[in-house]
Amino acid sequence: MNNTSKIAIGLGLASSALLATWLFTGERKKKTQNYISRKAVELKRTVVKKKNEAFDDSEVHYV
(Lines give C-alpha, C1' and ligand atoms only; values in the text may rest on other atoms or scores of the structure.)
Protein backbone atom coordinates (compact mmCIF):
# COMPACT_ATOMS: atom_id res chain seq x y z
CA MET A 1 0.00 0.00 0.00
CA ASN A 2 1.61 3.22 -1.10
CA ASN A 3 1.49 6.60 0.61
CA THR A 4 -1.23 7.99 -1.65
CA SER A 5 -3.60 5.19 -0.68
CA LYS A 6 -2.84 5.67 3.00
CA ILE A 7 -3.50 9.40 2.75
CA ALA A 8 -6.77 8.84 0.87
CA ILE A 9 -7.99 6.33 3.46
CA GLY A 10 -6.97 8.64 6.30
CA LEU A 11 -8.80 11.59 4.76
CA GLY A 12 -11.89 9.47 4.23
CA LEU A 13 -11.93 8.31 7.83
CA ALA A 14 -11.28 11.79 9.16
CA SER A 15 -14.03 13.36 7.07
CA SER A 16 -16.56 10.69 8.07
CA ALA A 17 -15.67 11.24 11.73
CA LEU A 18 -16.19 14.98 11.31
CA LEU A 19 -19.54 14.41 9.59
CA ALA A 20 -20.70 12.07 12.37
CA THR A 21 -19.64 14.60 14.99
CA TRP A 22 -21.50 17.40 13.20
CA LEU A 23 -24.65 15.29 12.81
CA PHE A 24 -24.75 14.30 16.48
CA THR A 25 -24.33 17.77 17.96
CA GLY A 26 -26.83 20.54 18.61
CA GLU A 27 -30.30 20.55 17.09
CA ARG A 28 -29.41 17.90 14.51
CA LYS A 29 -28.93 15.18 17.14
CA LYS A 30 -32.61 14.26 17.56
CA LYS A 31 -33.32 14.42 13.81
CA THR A 32 -30.31 12.21 13.07
CA GLN A 33 -31.28 9.66 15.70
CA ASN A 34 -34.86 9.51 14.38
CA TYR A 35 -33.63 9.11 10.80
CA ILE A 36 -31.20 6.31 11.68
CA SER A 37 -33.73 4.41 13.78
CA ARG A 38 -36.39 4.73 11.06
CA LYS A 39 -34.01 3.39 8.41
CA ALA A 40 -32.93 0.53 10.70
CA VAL A 41 -36.55 -0.53 11.16
CA GLU A 42 -37.14 -0.42 7.39
CA LEU A 43 -34.01 -2.48 6.77
CA LYS A 44 -35.04 -5.02 9.37
CA ARG A 45 -38.46 -5.38 7.72
CA THR A 46 -36.96 -6.00 4.29
CA VAL A 47 -34.52 -8.59 5.66
CA VAL A 48 -37.30 -10.43 7.47
CA LYS A 49 -39.43 -10.39 4.30
CA LYS A 50 -36.60 -11.88 2.25
CA LYS A 51 -35.98 -14.58 4.86
CA ASN A 52 -39.64 -15.61 4.81
CA GLU A 53 -39.66 -16.10 1.05
CA ALA A 54 -38.62 -19.72 0.70
CA PHE A 55 -36.92 -20.93 -2.45
CA ASP A 56 -38.66 -24.01 -3.78
CA ASP A 57 -36.69 -25.83 -6.41
CA SER A 58 -38.71 -29.03 -6.56
CA GLU A 59 -38.39 -29.44 -10.33
CA VAL A 60 -35.63 -31.66 -11.64
CA HIS A 61 -33.21 -29.98 -14.03
CA TYR A 62 -31.12 -32.17 -16.28
CA VAL A 63 -27.89 -31.00 -17.80
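Since the model is a prediction, treat every value here as computed from it, not as a measurement.
The side chain to side chain donor-acceptor pair (under 3.5 Å) contacts involving residues 32-44 comprise nothing, where partners must be two or more places apart or lie in separate chains.
Scanning for side-chain hydrogen bond (donor to acceptor under 3.5 Å, both in side chains) contacts around S16 gives an empty result, with sequence neighbours left out. Residues meeting the side-chain contact (heavy atoms from CB on, under 4.5 Å) test with L18, sequence neighbours left out: none. Evaluation of the side-chain contact (heavy atoms from CB on, under 4.5 Å) rule for N3 yields K6 as partners, not counting sequence neighbours. Under the side-chain contact (heavy atoms from CB on, under 4.5 Å) criterion, T25 pairs with T21, R28, not counting sequence neighbours. Contacts of K31 classified as side-chain contact (heavy atoms from CB on, under 4.5 Å), with partners at least two apart in sequence or in another chain: none.
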